[in-house]
Amino acid sequence: MTPQQWISPALLTDLYQLTMSYGYWRRGMSDWEAVFNLFFRQQPFNGGYTIACGLNDAIEYLLRLKFQDDDLEYLGQLRSSDGALLFTSEFLEYLKGMTFACDIDAVPEGNVVFPHEPLMRIRGPLLQCQLLETALLNILNFQTLIATKAARICLSARGAPVLEFGSRRAQGPDGALAASRAAFVGGCAATSNLLAGKVFKIPVRGTHSHSWVMSFDKEEEAFQAFAEIMPGNTFFLVDTYDSINGVRNAIKVGKWLSAHGKRLLGIRLDSGDLAYLSVQARRMLDAAGFHDAQILASNDLDEYIISSLHEQGAIISQWGVGTKLVTAFDQPALGGVYKMGAISPWGNGWQFRLKLSEQTAKISHPGSLQVRRFKLRNEYVGDLIYNDLIDEKPGRVSI
């Protein structure tokens, strides 16, 4: 079950999408053909690239888009400020019988994209194109943002696996699920979120928390008990009391594992001076013969902290990243927009549309936007945004 399956998706929109749709219907404009382009204006995180994500959920939303009886009953009760019903019963019957008939073109997930390039292009009846705006922006904005944050963190990890550990800090259950998937698209190797693992077939990782250790009289006893119960899942969290002593206890239990034909997979550091502790832990593990035991670090990490730890000489095999990944901690939104590029009243040729603004960045590009990427000697060198309606003999250009 994905977030879009929890409720009927038709009302995952803003009221003004329905009031405009009602206006189109009343004016006889519902079936005018239109083109809308979904894009963003600025790179997130002051970075140089963005990773497209969310197409899978967007497609599922589109496939399930249909107004149910209870949706229409709710809309039929809405009233304007003067007490009159907002929508007529005839319009609601129109919505009930509506069949989705738009063409969707989109950038595949995981691709690098840049400002003003269309992540998605929607072409079809004006009323239907309008109804899709809010939901598509909701899905693509968030997941593209998280995938980009994940890619930045994974690059900072310099090839070491990054595990997404953010479910408990995510923006609600649906946010946690969407973030887990987007983080995987952005390069994370696994997630702690079991529901994401089930739904999206993402590898899952996790062993125990501080409460497991605190449930026993001694830390070594806690590690020993866990090793006996799950000998193939032995990543011990060593910082409940004293990290260096925790490593010693993990080594003791690791020797017990070796004597029983198993192995110590590694330790997790979740607090303190991670650079110093990782170096000390590596020396201790190697001296005890556990050269292949891994050191996993967590504790409110992001790309900046991970890069700093590398510069400090940290010896870390895996990175567990939670809050600052799934909440896109330093930038709360992507800022993607959905703008009309062209309209064809009654099929009488295309009229291009653009939005003007005193802010240059907010001026939209007219037409049905397409993007092409060029390569020179096996290296990508630039993208071209162009209008691919040019061969359809458009009518007059209108602003």
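Note: hydrogens, waters and symmetry copies are ignored here, and every other heavy atom, side chains too, is used.
Side-chain heavy atoms closer than 4.5 Å link hydrophobic residues (I, L, V, M, F, W, Y) into clusters, and following such links, possibly through other members, connects L277 to L301. Using a 4.5 Å cut-off between side-chain heavy atoms of Ile, Leu, Val, Met, Phe, Trp and Tyr, with links allowed through other members, V326 and V185 fall into different hydrophobic clusters. Linking ILVMFWY side-chain heavy atoms closer than 4.5 Å, directly or via other members, places I295 and V247 in a single hydrophobic cluster. Cluster annotation: L55 is connected to L140 through the hydrophobic network of ILVMFWY side chains, with a link wherever side-chain heavy atoms come within less than 4.5 Å. The hydrophobic clustering, which links ILVMFWY residues whose side-chain heavy atoms are closer than 4.5 Å, places L195 and I202 together.
Under the 4.5 Å side-chain criterion, counting only non-hydrogen atoms from C-beta, L75 is in contact with L95. Contact of the T13 side chain with the E133 side chain is not registered, since no non-hydrogen atoms from C-beta on lie closer than 4.5 Å. Side-chain atoms of L12 and T134, non-hydrogen and from C-beta on, never get closer than 4.5 Å to each other. Using a 4.5 Å heavy-atom threshold, the side chains of Y276 and Q312 count as separate. For the pair N37/H365, no side-chain contact is recorded, criterion being any heavy-atom separation below 4.5 Å from C-beta on. Inter-residue side-chain proximity for V199 and R181 is flagged as unmet; no heavy-atom pair is nearer than 4.5 Å. You'll find the side chain of D302 stays beyond 4.5 Å of the side chain of L325, heavy atoms only. Considering only heavy atoms from C-beta on, I51 stays 4.5 Å or farther from T144 through its side chain.
Within 6.0 Å of CZ on F100 lie more than 12 heavy atoms contributed by other residues, nucleotides or ligands. The number of heavy atoms from other shown groups lying within 6.0 Å of CZ (R168) does not exceed 12. When the shell of 6.0 Å around CZ of R27 is examined, it contains 12 or fewer heavy atoms from other residues, nucleotides or ligands. The number of heavy-atom neighbours closer than 6.0 Å to CZ of F216, taken from other residues, nucleotides and ligands shown, is above 12. The environment of CG in N46 is sparse: at most 12 heavy-atom neighbours from other residues, nucleotides or ligands sit within 6.0 Å. The 12-atom threshold is not exceeded at CZ of R169, counting heavy atoms of other residues, nucleotides or ligands nearer than 6.0 Å. More than 12 heavy atoms of other residues, nucleotides or ligands sit less than 6.0 Å from atom NZ of K355.
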**Message:** Apply side-chain contact (heavy atoms from CB on, under 4.5 Å) to residues V238 and N249 and explain how you reach the verdict.
**Reply:** CA-CA 8 Å; V238 298; N249 288 327; over 6 Å; no
**Asked** Does the pair L145 and N141 meet the rule for a side-chain contact (heavy atoms from CB on, under 4.5 Å), with working shown?
**Response** CA-CA 6 Å; L145 186 71; N141 269 334; over 6 Å; no
**Request:** Mind running salt bridge (Lys or Arg N to Asp or Glu O under 4.0 Å) on D69 and K96 for me, showing each step along the way?
**Result:** CA-CA 8 Å; D69 289 342; K96 183 176 182 178; 3.6 Å; yes
**Message:** If you apply the rule side-chain contact (heavy atoms from CB on, under 4.5 Å), what do you find for F36 with L132, and how did you get there?
**Reply:** CA-CA 10 Å; F36 284 75; L132 302 179; over 6 Å; no
**Message:** Applying side-chain contact (heavy atoms from CB on, under 4.5 Å) to K324 and I153, what does each step give before you reach the verdict?
**Reply:** CA-CA 10 Å; K324 293 183 178 179; I153 291 170; 5.9 Å; no
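Closest approach of R79 to L86, counting heavy atoms only: C-CG, 3.8 Å. Between A151 and Y49, the shortest heavy-atom contact is C-OH, 3.7 Å. Here the shortest heavy-atom pairing between S364 and F39 reads CB-CZ, 4.3 Å. Nearest heavy-atom pair across E219 and V213 is CG-CG1, 3.9 Å. What you find for F67 and A10 is that their closest heavy atoms are CD2-CB, 3.7 Å. Contact detail for A342 and F352: the closest heavy-atom pair is CB-CD2, 4.0 Å.
Here Y380 contributes atom OH and F374 contributes atom CZ; the two are 12.5 Å apart, rounded to the nearest 0.5 Å. A distance of 9.0 Å separates CG in L257 from NZ in K262, rounded to the nearest 0.5 Å. I343 contributes atom CD1, which lies 9.0 Å from atom SG of C129 (distance to the nearest 0.5 angstrom). Within the model, atoms CG of L11 and CG of L131 stand 10.0 Å from one another, a figure rounded to the nearest 0.5 Å. Taking CG of L356 as the start and NZ of K362 as the end, the distance is 13.5 Å to the nearest 0.5 Å. Between the CG atom in L369 and the NE2 atom in H116 there is a gap of 11.0 Å [rounded to 0.5 Å].
There is a side-chain donor-acceptor pair under 3.5 Å between S298 and D270. In the model, S21 has no side-chain atom that pairs as donor or acceptor with a side-chain atom of Q130 under 3.5 Å. For the residue pair Q143 / D57, a side-chain donor-acceptor distance below 3.5 Å is found, with atom types taken as modelled.
Remark: Y386 engages R372 in a side chain to side chain donor-acceptor pair (under 3.5 Å) (not counting sequence neighbours). Taking the side chain to side chain donor-acceptor pair (under 3.5 Å) definition, one finds that T19 meets it with nothing, sequence neighbours left out.
E109 places a side-chain N or O within donor-acceptor distance of the main-chain N or O of G54, the cut-off being under 3.5 Å. Looking only at distances, no side-chain donor or acceptor of Q318 sits under 3.5 Å from a matching main-chain atom of P161. The main-chain N or O of L389 is found under 3.5 Å from a side-chain atom of N387 such that the two form a donor-acceptor pair. Side chain of T207 to main chain of F235: a donor-acceptor pair is present (N/O by atom type, distance under 3.5 Å, no hydrogens or angles). Proximity of a side-chain donor or acceptor of T234 to a complementary backbone N or O of M230 within less than 3.5 Å is not detected.
Because its NZ or CZ atom is both nearer than 6.0 Å to the ring centre of F45 and within 45° of the ring axis, K149 counts as a cation-pi partner of that residue.
Under 4.0 Å is where a charged nitrogen must lie from a carboxylate oxygen, and between R121 and D388 at least one such pair does.
Taking the six-membered ring for Trp and thresholds of 30 and 60 degrees, F236 and F226 have ring planes more than 60 degrees apart, a perpendicular arrangement. Using cut-offs of 30° and 60° on the angle between ring planes, the pair Y22 and W25 is parallel. Note on ring orientation: taking the six-membered ring where Trp is involved, the planes of Y94 and F91 are parallel (angle under 30°, cut-offs 30° and 60°).
The only member of I139, L137, L136 that meets side chain to side chain contact (heavy atoms under 4.5 Å, CB included) when paired with M120 is L136.
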